[in-house]
Amino acid sequence: MLSIQNYINGKYVAPVGGQYFENYNPARGSVYSTVPDSDEHDVELAVKAAEAAFPAWSKTPVEKRSEIMLKIAQLIAENIDELADAESEDSGKPLWLCRQLDIPRAKENFHFFATAILHYATQTHATDDVAINYTLRQPIGVVGCISPWNLPLYLFTWKIAPAIAAGNCVVAKPSELTPYTAHKLGQICSDAGLPAGVLNIVHGYGYKAGAAITAHPKAKAISFTGGTKTGADIARVAAPMFKKLSLELGGKNPNIIFADCDFERMLDTTVRSSFLNQGEICLCGSRIFVERSLYDKFKTAFVERVKNLVVGDPLNKDSFMGALVSRQHMEKVLGYIDLAKEEGGTVLCGGERVYPGGHNADGWFVAPTVIEGLPYDCRTNQEEIFGPVVTLIPFDTEEEALTMANGVGYGLEHHRYGLITCTRRTVLPINWRRA
Ligand code: TXE
C-alpha cells in the first residue's frame, strides 16, 4: 500500500509521532494509501526548515527563482499522466477532468508567478510637492498554506506558487482527504532544484496539523481555502497575532437566466456550471433563477440534459461525473436532498445514490439532482451543499432576482465574490461585489 510521507527540508520523512491514517479511493470506497497523522512537532520541524531557508531564498535573484519555478511547471507538464491518475484516484473526479483542468492549471500556477516576478514594477504616489509615497512588496518569512479537497493540486499550488515566487518560504498542508498529488509535488520540487526548506509539506488533519500551522508564531501569513466555519476558526486564532490572512470560503452561487438569452449557449453553460466536478466547486451555480416566461421551457430542456449526464467510473472518458470525495460528504449531500423534500421541494431528476457496479460497486456516487418548488430563503437554498444538487426558482423582475440571489449569508461576504451570471443577450456575465 502507498505510504504518503511529509516533505520537510527537501526530504520525505515519517511523522514524528509515527502515526498514520487511512486514505480512500472514493470511486471504489476502499483504502489505497496511508497518510501521516502529523501534529505540532512535525509543523515545528517544517517551520524551522522554512526559517532556515528564508535568508538565502529571499535574496536569491528573481531570475533564478523564476528559472526554478519554470522548471517545476515543466516537470508538472511532463508528468501529467502520473499526476492526473493520482488526482483522480484520490478525489474520485473523472480522469479526463484532471488531465484537462486540474493538472494543467497547477502547471500554469507556477508558470504565471514565475514570469510575473520578472515584470513586477512598484508604484509611487506624489503628495502635492512635499512627498513621494512608494510601495514595496517584500517577502515576510514563513507562510502557511492550507488547502481543500475539491481541486487538490490546483488550489495547493495556487497558494504556494505566489508565496515562493515572492521570496517567502512555505509550510503547506493539503486536505487530509486528497494528499496524493501534494505528495508527488515534493519530488518534483527537489528535481527542479528548489532549495531544501523553501517548500515543506505536512500532511494530516485540520484540527491538529492545520491548527498548529495557523497558531505558529513564526508563520507570518496564512492563506486558506475551505469551509466558512474553518475560516472563522482560523481568523479567530490569526487575528490577535496580526498575521496576514487570505480566506477563500464557501459560496451559494446564483445563476440568473433571462427570457431573452441565447438558449442553447445558456443551457450548455448551465449544465456545466451546475455539475462539473460533481458540483464540488465554490463557483458552481447551485441556485438557478429563471425568468417566469422561460421557466417551463428551461425546466424541460435542462432536466432532459441532466438525465443524460453519465455518472460512473472516473477512468471512463464518457463519465461526466465521478464519485463524491468521501462517504461523509456523500451522506451530507444526500441529507440535503432529504431536507429539500421535507421543506416541500419536488425532485425533478436524480435524488439518489448511483451504483455503477464492477470495481465501483462500493463507490460514493450521487446522481445529478434538480429540485424545484422551494422558497429562496429555506435552508436548502441558504446552505452550501457543495455537491451535484441544484434548485430552480422562477422570478418575475430583475429586482426580485437580484434580491433572492443576494439573499444568502455566503459568498458576497467572506473575502470573495459571488459570481452572478446574467445569461442575457444584452447583459453578459456580471461580477457583483457587495460593498
Ligand atoms: O473544508 P475544511 P472541507 C466548503 C464546502 C465544503 C466545506 C467543507 O462547503 O463542504 O467547505 O470542506 C484544514 N485549522 N469548501 O471539509 O474542513 C483541512 O484539513 C487549520 C469551500 O475540506 O475547511 C483542509 O486542509 N486548518 C471551498 C482545509 O482546512 C484546518 C473548497 C479545508 O478543510 C482546520 C472546499 C483548522 N481548525 C470546501 N480545520 C472553496 N471555497 O473552494 C480544517 N482545516
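Numbering of ligands and ligand atoms starts at 1, following listing order.
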As an exercise, identify every atom of ligand 1 less than 4.0 angstrom from a heavy atom of Thr214. 20 (C)

At a 4.0 Å threshold, what atoms of ligand 1 neighbour a non-hydrogen atom of Ile146? 13 (C), 20 (C), 25 (O), 26 (N), 28 (C), 29 (O)

Among Trp149, Phe365, Trp364, which residue meets the ring-ring contact (aromatic ring centres under 6.0 Å, His included) test with His329? Trp149

Could you tell me which atoms of ligand 1, counted from 1 in the order shown, lie closer than 4.0 angstrom to a heavy atom of Thr230? 2 (P), 17 (O), 23 (O), 30 (C), 34 (C), 36 (C), 39 (N), 43 (C), 44 (N)

For atom 15 (N) of ligand 1, which of the options Pro152, Gly226, Ala238 provides the nearest non-hydrogen atom? Gly226

Is the shortest N/O to N/O distance between His329 and ligand 1 below 3.5 Å? no

Under a 4.5 Å cut-off applied to non-hydrogen side-chain atoms, are Phe386 and Val333 in contact? no

Which of the atoms in ligand 1, numbered in the order shown and given with their element, are less than 4.0 Å from a heavy-atom of Gly210? 14 (N), 20 (C), 26 (N)

Students often mix this up, so state it plainly: with edges at 30° and 60°, are the rings of Tyr207 and Tyr205 parallel, tilted or perpendicular? parallel

Keeping the roles fixed (side chain from Ser88, backbone from Ala84), state whether a donor-acceptor pair exists under 3.5 Å. no

Give yes if a backbone or side-chain nitrogen or oxygen of Asp233 is under 3.5 Å from a nitrogen or oxygen of ligand 1, and no if not. no

For ligand 1, is there an N or O atom under 3.5 Å from any N or O atom of Gly227? yes

For Glu384 and ligand 1, does the shortest N/O to N/O distance drop below 3.5 Å? yes

For Trp149, is at least one N or O under 3.5 Å away from an N or O on ligand 1? yes

Taking heavy atoms and a distance under 4.0 Å, where does Ser147 meet ligand 1: side chain, backbone, both or neither? backbone

Looking only at distances, please establish whether an N/O atom of ligand 1 is found under 3.5 Å from an N/O atom of Gly204. no

With a cutoff of 4.0 Å, is Glu280 in contact with ligand 1, counting heavy atoms of the residue only? no

Show which atoms of ligand 1 fall inside a sub-4.0 Å distance from at least one heavy-atom site of Pro174. 25 (O)

Measure Thr228 to ligand 1 on non-hydrogen atoms and call it side chain, backbone, both or neither using the 4.0 Å cut-off. neither

Between Tyr7 and Ser190, is there a side-chain donor-acceptor contact under 3.5 Å, judged purely by atom types and distance? yes

Going by atom types alone, do Tyr180 and Glu87 pair a side-chain donor with an acceptor below 3.5 Å? no

Classify the ring geometry of Phe275 against Phe302: parallel below 30°, tilted from 30° to 60°, perpendicular beyond 60°. parallel

Using only heavy-atom distances, determine whether the side chains of Tyr12 and Gln187 contain a donor-acceptor pair under 3.5 Å. no

Tell me, please: is Gly231 in heavy-atom contact with ligand 1, that is, under 4.0 Å? no

Do other residues, nucleotides or ligands put more than 12 heavy atoms under 6.0 Å from the CD atom of Glu78? yes

So, regarding Pro148 and ligand 1 (criterion: nitrogen or oxygen to nitrogen or oxygen, under 3.5 Å), is there a contact or not? no

Find all atoms of ligand 1 within a distance of less than 4.0 Å from any non-hydrogen atom belonging to Cys282, and give their numbers and elements. 40 (C), 41 (N), 42 (O)

Could you tell me whether the side chain of Ile385 reaches within less than 4.5 Å of the side chain of Thr380, counting heavy atoms only? yes

Under 4.0 Å from any heavy atom of Glu248, which atoms of ligand 1 are there? 41 (N)

Please check if the distance between the ring centroids of Phe258 and Phe289 is under 6.0 Å. no

In ligand 1, which numbered atoms sit nearer than 4.0 Å to a non-hydrogen atom of Lys332? 10 (O)

State, with a plain yes or no, whether a side-chain heavy atom of Leu177 is found less than 4.5 Å away from one of Val325. yes

